[in-house]
Asks: 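Let me give you the structure first, and then I'll get to my questions.
Side chains included, hydrogens not; waters and symmetry mates left out as well; all remaining heavy atoms used. It should be emphasised that the depicted structure is a prediction, and the values quoted were computed from it without experimental measurement. We count residues from 1, following the sequence as given.
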Amino acid sequence: MATAPDTAFAPTSHKGLTYPFGGADPQAGDVFEVAPGIDWVRLKIPGPLKHVNCWLLADTDGDALVDTGMNTAEARDAWKAIFNGPKSDTRITKMIGTHFHPDHIGLAGWMCDHHAAPLIMTRAEWLTARMLAADARDSVPHEMLAFWRGAGWGPEQIDHATAKGWAGFRKIITPLPLSYTRIEDGDTLTIGTRDWRVVTGSGHSPEHACLYDEAGGLLIAGDQVLPRISPNVSLGVTEPNADPLGEWFASIAKLKTLPADLLVLPGHGDPFTGLHTRLEAMDREHRERLDELAVFLAEPRRAVDCFGRLFRRAIGPDVLGMATGEALAHLRRLEVEGRATRDTQDGVWWWRAA
């Protein structure tokens, strides 16, 4: 059975947020009930985030699953332990993906196949996942090499990234079904006794789906709102003239129309209350970074030159791609706001304050 909420939990607070379970979390192979009919699963993932959260929602004849973890042997074993243990009498009725990132839908195809469950996603997220899985090549495309050079990567950094090939996404997800059920902003998903309204956001991904239960005071936030870190907002090679940070600011404003006292169930980190406090902090953090970056551009800078102004940690090869995308998103936003201009010299992009 699921681990039930315990009134002995002592809520903790940090930077204006309250964590009602006081740091308690699901153990490997187990689930943790955060509200009636809602179970929390935590799975390990490689990289600095260390884990991802998944949510089982009681349905009429089983559980709907929101997000799955990455396609790793450890994650598959954890799910097998859950379905052989606390959820041994449960089938997955619906497979809902908040967004296309592999730590969230890496095992979606596996779940759909095993439980004959439909895959439910927004169109942009499903199409992006399908595109990335299909675009597996023997060598890195020349557009990507040019993008890295433009951002200021050196030959060793490019060689290190190139050695990984161009099929990484396909390797860390199981094949997705050919068909899916589309959800879009404003739709309602009835799951068991709860009605969940779809609230989409973008910036971190193209059409990220959050699920809002008004009656229950709950928000399954995926990566759109995280309690202690700001989700990565990156400019990428597929849409180099986009403005993901502008979209991110608009999404924050949209989510602030929801009630402030919701219990937020995030994709990483612990469940918390204090939605508006967190949204305001994320908005303020990015705007302060933009202001600092605009001053730094008194002299021409490449994207890689901006890391020290944007991040509090050294940027190694494991996070170079994300850091580059985030730096480019901030520089692009300054362009859109008319506060910076970009020049290209020998294939390298240089930004200067306008």
Asks: Do Ser205 and Asp223 come close enough that some side-chain heavy atom pair is under 4.5 Å?
Replies: no
Asks: Short question: side chain of Asp113, backbone of Trp110 - any donor-acceptor pair under 3.5 Å?
Replies: no
Asks: So which pairs with a foot in residues 251-283 pass ring pair (Phe, Tyr, Trp, His ring centres under 6.0 Å), sequence neighbours left out?
Replies: His104-His268
Asks: Any side-chain donor-acceptor pair under 3.5 Å between Thr98 and Asp67?
Replies: yes
Asks: Trp349: which residues meet the ring-ring contact (aromatic ring centres under 6.0 Å, His included) condition with it, sequence neighbours left out?
Replies: Phe147
Asks: Compute whether any side-chain donor of one residue and acceptor of the other, for Arg76 and Asn71, lie under 3.5 angstrom apart.
Replies: yes
Asks: Using only atom types and a distance under 3.5 Å, with no angle test, would you say the side chain of Asn232 pairs donor to acceptor with the backbone of Met322?
Replies: yes
Asks: For Asp213, enumerate each residue passing the side chain to side chain donor-acceptor pair (under 3.5 Å) test, keeping only those at least two apart in sequence or located in another chain.
Replies: Arg194
Asks: Suppose we screen for side chain to side chain contact (heavy atoms under 4.5 Å, CB included). Which residues come up paired with Ala78, at least two apart in sequence or across chains?
Replies: Leu43
Asks: Starting from the C-alpha separation in whole Å, work towards a yes-or-no answer on side chain to side chain contact (heavy atoms under 4.5 Å, CB included) for Tyr212 and Leu258.
Replies: CA-CA 9 Å; Tyr212 166 45; Leu258 300 179; 3.7 Å; yes
Asks: I'd like to know if Arg91 pairs up with Asp59 as an ion pair, taking the criterion as any Lys NZ or Arg NE/NH1/NH2 lying under 4.0 Å from an Asp or Glu carboxylate oxygen.
Replies: no
Asks: Would a distance-only check, ignoring hydrogens and angles, find a side-chain to backbone donor-acceptor pair under 3.5 Å from Lys15 to Thr277?
Replies: no
Asks: Are the side chain of Asp185 and the backbone N or O of Thr200 linked by a donor-acceptor pair below 3.5 Å?
Replies: yes
Asks: What pairs with Arg287 under side chain to side chain donor-acceptor pair (under 3.5 Å), at least two apart in sequence or on another chain?
Replies: Asp283
Asks: Which residues pass the side chain to side chain donor-acceptor pair (under 3.5 Å) test with Arg339, not counting sequence neighbours?
Replies: Asp291, Glu337
Asks: Indicate the ring-plane relationship of Phe32 and Trp40, choosing parallel, tilted or perpendicular according to the 30° and 60° boundaries.
Replies: perpendicular
Asks: Using modelled atom types and a 3.5 Å cut-off, is there a donor and acceptor pairing between side-chain atoms of Glu125 and backbone atoms of Thr122?
Replies: no
Asks: Evaluate the side-chain proximity of Glu280 to Lys256: yes if any heavy-atom separation is below 4.5 Å, no if none is.
Replies: yes
Asks: Kindly state each residue pair satisfying side-chain hydrogen bond (donor to acceptor under 3.5 Å, both in side chains) with at least one member in residues 310-325, sequence neighbours excluded.
Replies: Trp153-Thr324
Asks: For His208, enumerate each residue passing the ring-ring contact (aromatic ring centres under 6.0 Å, His included) test, keeping only those at least two apart in sequence or located in another chain.
Replies: His99
Asks: Identify, with sequence neighbours excluded, every residue that meets side chain to side chain donor-acceptor pair (under 3.5 Å) alongside Glu247.
Replies: Ser202
Asks: Ignoring hydrogens and geometry, is there a side-chain-to-backbone donor-acceptor pair from Arg149 to Pro155 under 3.5 Å?
Replies: no
Asks: Mind listing the closest non-hydrogen atom pair of Pro244 and Leu235 along with its distance?
Replies: CD-CD1, 3.7 Å
Asks: Hey, is the main chain of Pro266 close enough, under 3.5 Å, to the side chain of Asn53 for a donor-acceptor pair?
Replies: yes
Asks: Can you tell if the side chain of Asp187 reaches within under 4.5 Å of the side chain of Glu184, non-hydrogen atoms only?
Replies: yes
Asks: Mind checking what makes ring-ring contact (aromatic ring centres under 6.0 Å, His included) contact with Phe296, not counting sequence neighbours?
Replies: none
Asks: Given 3.5 Å as the limit, does a donor-acceptor pair link the side chain of Arg278 with the main chain of Pro227, or not?
Replies: yes
Asks: Linking I/L/V/M/F/W/Y whenever any side-chain heavy atoms sit under 4.5 Å apart, do Val199 and Trp55 land together?
Replies: no
Asks: Main chain of Ser234, side chain of Glu326: is a donor-acceptor contact present, judged purely on distance under 3.5 Å?
Replies: no
Asks: Could you name each residue pair satisfying side-chain hydrogen bond (donor to acceptor under 3.5 Å, both in side chains) that touches residues 159-174, not counting sequence neighbours?
Replies: Asp135-Trp166
Asks: Can you list the residues that meet the ring-ring contact (aromatic ring centres under 6.0 Å, His included) rule with Phe83, with sequence neighbours excluded?
Replies: Trp79, His115
Asks: Keeping Thr68 on the side-chain end and Leu107 on the backbone end, is there a donor-acceptor pair under 3.5 Å?
Replies: yes
